[in-house]
Number of protein chains: 2
Amino acid sequence: METIADNQKVRTAKKLEKMFGHIDYKHPPELCPVRDVMSVASDQWSTLIILWLGYFPILRFNKLKKFVYGISNKVLSQRLKVLEADGYISRKAYAEVPIRVEYSLTEFGQSYVEKLLELTEWMQANSPKVLANREKYGLL
Amino acid sequence: METIADNQKVRTAKKLEKMFGHIDYKHPPELCPVRDVMSVASDQWSTLIILWLGYFPILRFNKLKKFVYGISNKVLSQRLKVLEADGYISRKAYAEVPIRVEYSLTEFGQSYVEKLLELTEWMQANSPKVLANREKYGLL
DNA sequence: TTCATATGGTTACTTTTTGTAACTTACTCT
DNA sequence: AGAGTAAGTTACAAAAAGTAACCATATGAA
(Lines give C-alpha, C1' and ligand atoms only; values in the text may rest on other atoms or scores of the structure.)
Protein backbone atom coordinates (compact mmCIF):
# COMPACT_ATOMS: atom_id res chain seq x y z
CA MET A 1 0.00 0.00 0.00
CA GLU A 2 1.24 3.43 -0.93
CA THR A 3 1.63 5.93 1.88
CA ILE A 4 2.01 9.67 1.60
CA ALA A 5 5.72 9.25 2.14
CA ASP A 6 5.91 6.76 -0.73
CA ASN A 7 4.07 9.17 -2.99
CA GLN A 8 6.52 11.84 -2.11
CA LYS A 9 9.41 9.51 -2.79
CA VAL A 10 8.09 8.68 -6.23
CA ARG A 11 7.48 12.30 -7.06
CA THR A 12 10.94 13.24 -5.86
CA ALA A 13 12.55 10.45 -7.84
CA LYS A 14 10.74 11.50 -11.02
CA LYS A 15 11.61 15.14 -10.50
CA LEU A 16 15.23 14.15 -10.03
CA GLU A 17 15.30 12.01 -13.10
CA LYS A 18 14.03 14.94 -15.13
CA MET A 19 16.37 17.48 -13.59
CA PHE A 20 19.60 15.54 -13.45
CA GLY A 21 19.62 12.03 -14.65
CA HIS A 22 23.35 12.10 -14.13
CA ILE A 23 23.13 12.07 -10.36
CA ASP A 24 20.50 9.51 -9.68
CA TYR A 25 18.95 9.29 -6.28
CA LYS A 26 19.72 5.58 -6.02
CA HIS A 27 22.79 5.65 -8.19
CA PRO A 28 25.63 3.43 -7.01
CA PRO A 29 28.61 5.75 -6.50
CA GLU A 30 30.80 3.72 -8.83
CA LEU A 31 28.52 4.49 -11.77
CA CYS A 32 28.22 8.22 -11.17
CA PRO A 33 30.42 10.24 -13.54
CA VAL A 34 30.72 13.13 -11.15
CA ARG A 35 31.99 10.92 -8.38
CA ASP A 36 34.19 9.12 -10.79
CA VAL A 37 36.09 12.17 -11.92
CA MET A 38 35.85 13.54 -8.43
CA SER A 39 38.14 10.80 -7.22
CA VAL A 40 40.82 13.06 -8.65
CA ALA A 41 39.18 16.43 -8.09
CA SER A 42 38.45 15.69 -4.48
CA ASP A 43 41.98 14.77 -3.62
CA GLN A 44 44.03 17.66 -2.40
CA TRP A 45 47.40 16.22 -3.40
CA SER A 46 46.27 15.25 -6.91
CA THR A 47 44.80 18.69 -7.38
CA LEU A 48 47.99 20.43 -6.30
CA ILE A 49 50.09 18.20 -8.54
CA ILE A 50 47.94 19.01 -11.54
CA LEU A 51 47.95 22.73 -10.75
CA TRP A 52 51.74 22.84 -10.59
CA LEU A 53 52.04 20.93 -13.83
CA GLY A 54 49.66 23.50 -15.25
CA TYR A 55 52.11 26.24 -14.29
CA PHE A 56 55.27 24.41 -15.37
CA PRO A 57 54.93 22.11 -18.40
CA ILE A 58 57.59 19.66 -17.23
CA LEU A 59 58.48 18.81 -13.66
CA ARG A 60 60.63 16.10 -12.15
CA PHE A 61 59.84 14.13 -9.04
CA ASN A 62 61.86 16.14 -6.56
CA LYS A 63 60.88 19.49 -8.03
CA LEU A 64 57.25 18.52 -7.81
CA LYS A 65 57.81 17.50 -4.24
CA LYS A 66 59.11 20.96 -3.40
CA PHE A 67 56.21 22.72 -5.06
CA VAL A 68 53.55 20.47 -3.61
CA TYR A 69 54.66 21.54 -0.20
CA GLY A 70 54.27 18.93 2.51
CA ILE A 71 53.60 15.87 0.36
CA SER A 72 55.55 12.73 1.22
CA ASN A 73 57.47 10.59 -1.26
CA LYS A 74 55.03 7.81 -0.72
CA VAL A 75 51.90 9.76 -1.49
CA LEU A 76 53.47 11.70 -4.36
CA SER A 77 54.60 8.50 -6.00
CA GLN A 78 51.21 6.90 -5.50
CA ARG A 79 49.24 9.86 -6.84
CA LEU A 80 51.48 10.17 -9.87
CA LYS A 81 50.75 6.55 -10.72
CA VAL A 82 47.01 7.04 -10.47
CA LEU A 83 47.08 10.31 -12.40
CA GLU A 84 49.07 8.62 -15.13
CA ALA A 85 46.72 5.65 -15.23
CA ASP A 86 43.72 7.96 -15.46
CA GLY A 87 45.32 9.81 -18.33
CA TYR A 88 45.88 13.20 -16.71
CA ILE A 89 49.66 13.12 -16.81
CA SER A 90 52.41 11.31 -18.70
CA ARG A 91 55.69 10.01 -17.35
CA LYS A 92 58.94 9.85 -19.29
CA ALA A 93 61.95 8.10 -17.80
CA TYR A 94 65.43 8.61 -19.27
CA ALA A 95 68.06 5.89 -18.87
CA GLU A 96 70.61 8.20 -17.28
CA VAL A 97 72.44 7.92 -14.00
CA PRO A 98 70.96 9.01 -11.77
CA ILE A 99 67.70 8.33 -13.53
CA ARG A 100 65.74 11.32 -14.80
CA VAL A 101 61.95 11.21 -14.86
CA GLU A 102 59.80 13.94 -16.34
CA TYR A 103 56.14 14.44 -15.61
CA SER A 104 53.81 16.55 -17.72
CA LEU A 105 50.12 17.03 -18.39
CA THR A 106 48.46 15.17 -21.22
CA GLU A 107 46.06 17.05 -23.47
CA PHE A 108 43.29 15.73 -21.29
CA GLY A 109 45.04 16.91 -18.15
CA GLN A 110 45.55 20.30 -19.75
CA SER A 111 41.85 20.66 -20.42
CA TYR A 112 41.18 19.70 -16.83
CA VAL A 113 43.64 22.12 -15.30
CA GLU A 114 41.98 24.97 -17.17
CA LYS A 115 38.72 24.23 -15.41
CA LEU A 116 40.52 23.79 -12.15
CA LEU A 117 42.16 27.19 -12.45
CA GLU A 118 38.78 28.84 -12.67
CA LEU A 119 37.88 27.27 -9.37
CA THR A 120 41.11 28.33 -7.70
CA GLU A 121 40.46 31.89 -8.84
CA TRP A 122 37.23 31.80 -6.90
CA MET A 123 39.11 30.35 -3.96
CA GLN A 124 41.66 33.12 -3.94
CA ALA A 125 39.01 35.78 -4.17
CA ASN A 126 36.86 34.27 -1.44
CA SER A 127 39.39 32.89 0.96
CA PRO A 128 39.12 35.96 3.24
CA LYS A 129 35.44 35.23 3.71
CA VAL A 130 36.15 31.69 4.77
CA LEU A 131 38.72 32.90 7.26
CA ALA A 132 36.31 35.52 8.57
CA ASN A 133 33.66 32.88 9.02
CA ARG A 134 36.05 30.64 10.88
CA GLU A 135 37.01 33.47 13.19
CA LYS A 136 33.37 34.27 13.80
CA TYR A 137 32.78 30.69 14.88
CA GLY A 138 35.94 30.65 16.98
CA LEU A 139 37.79 28.15 14.84
CA LEU A 140 40.99 30.14 14.56
CA MET B 1 78.83 30.33 -1.74
CA GLU B 2 76.21 30.25 -4.45
CA THR B 3 76.09 27.21 -6.69
CA ILE B 4 74.36 26.83 -10.01
CA ALA B 5 71.61 24.95 -8.27
CA ASP B 6 71.17 27.82 -5.83
CA ASN B 7 70.99 30.29 -8.66
CA GLN B 8 68.33 28.24 -10.28
CA LYS B 9 66.42 28.07 -7.04
CA VAL B 10 66.50 31.83 -6.63
CA ARG B 11 65.41 32.38 -10.19
CA THR B 12 62.63 29.88 -9.82
CA ALA B 13 61.50 31.44 -6.58
CA LYS B 14 61.41 34.92 -8.12
CA LYS B 15 59.60 33.67 -11.17
CA LEU B 16 57.08 32.03 -8.90
CA GLU B 17 56.60 35.12 -6.82
CA LYS B 18 55.85 37.08 -9.95
CA MET B 19 53.58 34.51 -11.49
CA PHE B 20 51.57 33.37 -8.53
CA GLY B 21 52.29 34.87 -5.18
CA HIS B 22 49.28 32.93 -3.95
CA ILE B 23 51.01 29.58 -4.13
CA ASP B 24 54.39 30.24 -2.68
CA TYR B 25 57.09 27.67 -3.11
CA LYS B 26 57.83 27.60 0.61
CA HIS B 27 54.37 28.56 1.72
CA PRO B 28 53.13 26.80 4.81
CA PRO B 29 49.93 25.05 3.73
CA GLU B 30 47.91 26.70 6.47
CA LEU B 31 48.55 30.12 4.96
CA CYS B 32 47.72 29.18 1.38
CA PRO B 33 44.25 30.39 0.34
CA VAL B 34 43.90 27.72 -2.30
CA ARG B 35 44.59 24.95 0.15
CA ASP B 36 42.40 26.61 2.66
CA VAL B 37 39.31 26.61 0.52
CA MET B 38 40.38 23.29 -0.89
CA SER B 39 39.83 21.69 2.46
CA VAL B 40 36.20 21.84 1.40
CA ALA B 41 36.62 21.50 -2.35
CA SER B 42 38.79 18.46 -2.02
CA ASP B 43 36.41 16.56 0.16
CA GLN B 44 34.08 14.38 -1.79
CA TRP B 45 31.33 14.34 0.81
CA SER B 46 31.35 18.09 1.36
CA THR B 47 31.23 18.64 -2.36
CA LEU B 48 28.28 16.33 -2.83
CA ILE B 49 26.42 17.94 0.07
CA ILE B 50 26.90 21.40 -1.42
CA LEU B 51 25.88 20.20 -4.88
CA TRP B 52 22.63 18.73 -3.60
CA LEU B 53 21.86 21.87 -1.64
CA GLY B 54 22.47 23.70 -4.89
CA TYR B 55 19.75 21.65 -6.54
CA PHE B 56 17.29 21.78 -3.64
CA PRO B 57 17.29 24.98 -1.58
CA ILE B 58 16.29 23.30 1.66
CA LEU B 59 17.12 19.76 2.71
CA ARG B 60 16.78 17.94 5.98
CA PHE B 61 19.28 15.52 7.46
CA ASN B 62 17.75 12.29 6.27
CA LYS B 63 16.87 13.61 2.83
CA LEU B 64 20.43 14.76 2.38
CA LYS B 65 21.59 11.36 3.48
CA LYS B 66 19.55 9.73 0.72
CA PHE B 67 20.84 12.08 -1.95
CA VAL B 68 24.46 11.89 -0.86
CA TYR B 69 24.35 8.20 -1.52
CA GLY B 70 26.59 6.13 0.71
CA ILE B 71 27.44 8.72 3.32
CA SER B 72 27.20 7.63 6.94
CA ASN B 73 25.36 9.49 9.68
CA LYS B 74 28.62 10.16 11.38
CA VAL B 75 30.37 11.73 8.43
CA LEU B 76 27.30 13.63 7.27
CA SER B 77 26.85 15.15 10.69
CA GLN B 78 30.53 16.04 10.91
CA ARG B 79 30.72 17.61 7.47
CA LEU B 80 27.57 19.64 8.06
CA LYS B 81 29.13 21.11 11.17
CA VAL B 82 32.29 22.13 9.35
CA LEU B 83 30.39 23.51 6.37
CA GLU B 84 28.26 25.56 8.72
CA ALA B 85 31.29 26.83 10.61
CA ASP B 86 32.99 27.80 7.34
CA GLY B 87 29.90 29.71 6.28
CA TYR B 88 28.83 27.59 3.32
CA ILE B 89 25.55 26.39 4.80
CA SER B 90 23.14 27.41 7.52
CA ARG B 91 21.29 25.20 9.92
CA LYS B 92 17.84 25.90 11.29
CA ALA B 93 16.42 23.70 14.02
CA TYR B 94 12.72 23.80 14.86
CA ALA B 95 11.57 22.91 18.35
CA GLU B 96 9.11 20.32 17.13
CA VAL B 97 8.76 16.70 18.05
CA PRO B 98 10.49 14.96 16.48
CA ILE B 99 12.94 17.77 15.89
CA ARG B 100 13.11 19.22 12.40
CA VAL B 101 16.39 20.58 11.08
CA GLU B 102 16.72 22.39 7.78
CA TYR B 103 19.98 22.89 5.94
CA SER B 104 20.46 25.42 3.16
CA LEU B 105 23.23 27.25 1.35
CA THR B 106 24.26 30.68 2.52
CA GLU B 107 24.83 33.38 -0.08
CA PHE B 108 28.50 32.45 0.08
CA GLY B 109 27.72 28.79 -0.42
CA GLN B 110 25.49 29.70 -3.34
CA SER B 111 28.29 31.56 -5.04
CA TYR B 112 30.54 28.56 -4.46
CA VAL B 113 28.14 26.01 -5.83
CA GLU B 114 27.87 27.96 -9.06
CA LYS B 115 31.60 27.55 -9.62
CA LEU B 116 31.40 23.94 -8.58
CA LEU B 117 28.70 23.25 -11.13
CA GLU B 118 30.96 24.42 -13.91
CA LEU B 119 33.50 21.85 -12.84
CA THR B 120 30.95 19.06 -12.63
CA GLU B 121 29.86 19.90 -16.15
CA TRP B 122 33.38 19.23 -17.30
CA MET B 123 33.33 16.02 -15.32
CA GLN B 124 30.16 14.80 -16.95
CA ALA B 125 31.45 15.63 -20.40
CA ASN B 126 34.83 14.01 -19.84
CA SER B 127 33.99 11.04 -17.71
CA PRO B 128 34.03 8.66 -20.70
CA LYS B 129 37.64 9.60 -21.36
CA VAL B 130 38.65 8.77 -17.83
CA LEU B 131 36.93 5.44 -18.08
CA ALA B 132 38.58 4.76 -21.42
CA ASN B 133 41.97 5.57 -19.93
CA ARG B 134 41.38 3.27 -17.03
CA GLU B 135 40.43 0.46 -19.37
CA LYS B 136 43.53 1.09 -21.45
CA TYR B 137 45.66 0.67 -18.37
CA GLY B 138 43.75 -2.38 -17.25
CA LEU B 139 42.24 -0.78 -14.20
CA LEU B 140 38.70 -1.90 -14.88
C1' DT C 1 89.58 5.81 0.32
C1' DT C 2 85.77 7.26 2.59
C1' DC C 3 82.17 10.57 3.26
C1' DA C 4 78.48 13.35 1.46
C1' DT C 5 75.15 14.40 -2.22
C1' DA C 6 71.70 13.48 -5.73
C1' DT C 7 67.94 10.84 -8.22
C1' DG C 8 63.36 8.47 -7.95
C1' DG C 9 61.42 6.03 -5.50
C1' DT C 10 60.10 1.69 -1.72
C1' DT C 11 59.28 -0.30 2.88
C1' DA C 12 57.96 -0.95 7.72
C1' DC C 13 55.70 1.21 11.33
C1' DT C 14 52.63 4.66 13.58
C1' DT C 15 48.88 7.81 13.68
C1' DT C 16 44.75 9.71 11.82
C1' DT C 17 40.64 9.39 9.38
C1' DT C 18 36.64 6.56 7.76
C1' DG C 19 33.26 3.28 7.74
C1' DT C 20 29.84 0.10 10.30
C1' DA C 21 26.32 -0.69 12.99
C1' DA C 22 24.01 -0.28 17.14
C1' DC C 23 21.96 3.05 20.27
C1' DT C 24 19.52 7.47 22.01
C1' DT C 25 15.38 10.69 23.20
C1' DA C 26 10.91 11.78 22.93
C1' DC C 27 6.85 11.56 20.70
C1' DT C 28 3.14 9.47 17.28
C1' DC C 29 0.65 6.01 14.94
C1' DT C 30 -1.44 1.25 14.92
C1' DA D 1 2.31 -2.54 23.72
C1' DG D 2 5.27 -2.36 19.78
C1' DA D 3 6.93 -0.15 15.76
C1' DG D 4 8.38 3.95 13.46
C1' DT D 5 10.46 8.65 12.97
C1' DA D 6 13.98 12.53 13.36
C1' DA D 7 18.60 13.89 13.96
C1' DG D 8 22.05 12.62 15.45
C1' DT D 9 26.00 9.99 18.90
C1' DT D 10 29.08 6.31 20.26
C1' DA D 11 32.24 2.31 20.33
C1' DC D 12 34.82 -0.55 17.59
C1' DA D 13 37.08 -2.14 13.13
C1' DA D 14 39.17 -1.08 8.73
C1' DA D 15 41.42 1.82 5.57
C1' DA D 16 44.29 5.64 4.40
C1' DA D 17 47.93 8.81 5.39
C1' DG D 18 52.06 10.47 7.55
C1' DT D 19 57.11 9.46 9.17
C1' DA D 20 61.45 8.22 8.63
C1' DA D 21 64.79 5.05 7.22
C1' DC D 22 66.50 2.61 3.30
C1' DC D 23 67.82 1.20 -1.77
C1' DA D 24 71.06 1.34 -6.11
C1' DT D 25 74.11 3.93 -8.62
C1' DA D 26 77.06 7.48 -9.59
C1' DT D 27 79.63 11.99 -9.04
C1' DG D 28 82.45 15.19 -6.42
C1' DA D 29 84.99 16.42 -2.27
C1' DA D 30 88.25 15.61 1.87
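Worth saying up front: this structure is predicted, and the values here are computed from it rather than measured.
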Among A/Tyr103, A/Tyr55, A/Phe56, exactly one meets ring pair (Phe, Tyr, Trp, His ring centres under 6.0 Å) together with A/Phe67. Which residue is that?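 Of all the options given, the one that passes is A/Phe56.
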Distances under 3.5 Å between protein N/O atoms and the N/O atoms of nucleotides 5-8 of chain C, please, pair by pair.
| residue | atom | partner | partner atom | Å |
| --- | --- | --- | --- | --- |
| C/dT7 | OP2 | A/Asn62 | ND2 | 3.4 |
| C/dT7 | O3' | A/Arg60 | NH2 | 3.4 |
| C/dT7 | O3' | A/Ile99 | O | 3.1 |
| C/dG8 | OP1 | A/Arg60 | NE | 3.1 |
| C/dG8 | OP1 | A/Arg60 | NH2 | 3.4 |
| C/dG8 | OP1 | A/Val101 | N | 3.0 |
| C/dG8 | OP2 | A/Asn62 | ND2 | 3.2 |

Which comes earlier along DNA chain D counting from the 5' end, the contact point of A/Val97 or that of A/Arg79, where each point is its nearest nucleotide?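 Here A/Arg79 is the residue nearer the 5' end.
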Step by step, work out the side chain to side chain contact (heavy atoms under 4.5 Å, CB included) result for A/Tyr88 and A/Val113. CA-CA 9 Å; A/Tyr88 289 92; A/Val113 83; over 6 Å; no
Could you walk me through whether A/Trp45 and B/Ser42 pass the side-chain hydrogen bond (donor to acceptor under 3.5 Å, both in side chains) check? CA-CA 9 Å; A/Trp45 295 130; B/Ser42 73; over 6 Å; no
Phosphate-side-chain proximity, B/Trp45 and C/dT18, N/O vs OP1/OP2 below 4.0 Å: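 No, because none of the side-chain N or O atoms of B/Trp45 sits under 4.0 Å from OP1 or OP2 of C/dT18.
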Give one of base, sugar-phosphate or nothing for A/Lys81, where a contact means two heavy atoms less than 4.0 Å apart.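 Here A/Lys81 touches the backbone only, sparing every base.
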Check: A/Gly87 main-chain N/O paired with A/Thr106 side-chain donor or acceptor under 3.5 Å: yes
Salt bridge B/Lys115-B/Glu118, side-chain N to carboxylate O under 4.0 Å: yes
Apply side chain to side chain contact (heavy atoms under 4.5 Å, CB included) to residues A/Arg60 and A/Val101 and explain how you reach the verdict. CA-CA 6 Å; A/Arg60 294 168 65 180; A/Val101 180; over 6 Å; no
What range of DNA chain D does chain A touch, first nucleotide to last, counting atoms under 4.0 Å from its heavy atoms? D/dA17 to D/dA26
Hey, mind stepping through A/Tyr112 and A/Ile50 against side chain to side chain contact (heavy atoms under 4.5 Å, CB included) and telling me if it holds? CA-CA 9 Å; A/Tyr112 178 63; A/Ile50 289 175; 3.8 Å; yes
Just wondering, do B/Ile89 and B/Ser104 contact through their side chains at under 4.5 Å, heavy atoms? no
